[in-house]
Amino acid sequence: MVYHNPGCFGHYDFDHIAKFAKKRFVDNYSTISLLQQAQSETEREEIALVCMLDIEDEVVLDIQLDCRYADDCKVTNCRDKLRKFIEAELAV
């Protein structure tokens with residue numbers, strides 16, 4: 001399911017992202033390992049979003065986005081929505 005968040009310009013497939021989250025946090029794949037498995041730039045972006053969940057909130061606020069949506073989005077928008085979505089998916 002492609003789940004578009006209001007205010008998010010990435011149009012990411014959050015079902016796909018949840019699979020990366022499971023690999024990262026449940027199956028204990030490293031960030032590097034996941035990035036090496038990425039098949040596209042979009043997958044690299046999705047993996048980066050998942051891996052940002054490991055970073056403390058205070059640190060994330062200081063991150064300056066350097067993606068194609070940086071002028072239109074805040075790093076906390078995607079992170080917060082992604083965290084809620086993944087928690088719901090992994091709870092099932």
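Small disclaimer: the values here were computed from a predicted structure and weren't measured.
Scanning all heavy atoms of the two residues, the minimum distance from Leu35 to Ile47 falls at CD2-CG2, 3.7 Å. Heavy-atom minimum distance, Arg24 versus Ser30: CD-C, 4.4 Å. Between Glu43 and His16 the shortest heavy-atom distance is OE2-CE1, 3.2 Å.
Within the model, atoms CD of Gln36 and CZ of Arg44 stand 11.5 Å from one another, a figure rounded to the nearest 0.5 Å. Atoms CD1 and CD, from Ile17 and Glu45 in turn, are 9.5 Å apart once rounded to the nearest 0.5 Å. Taking CG of Leu49 as the start and CD of Glu46 as the end, the distance is 7.5 Å to the nearest 0.5 Å. Remark: Ser33 OG to Asn28 CG distance equals 11.0 Å, nearest 0.5 Å.
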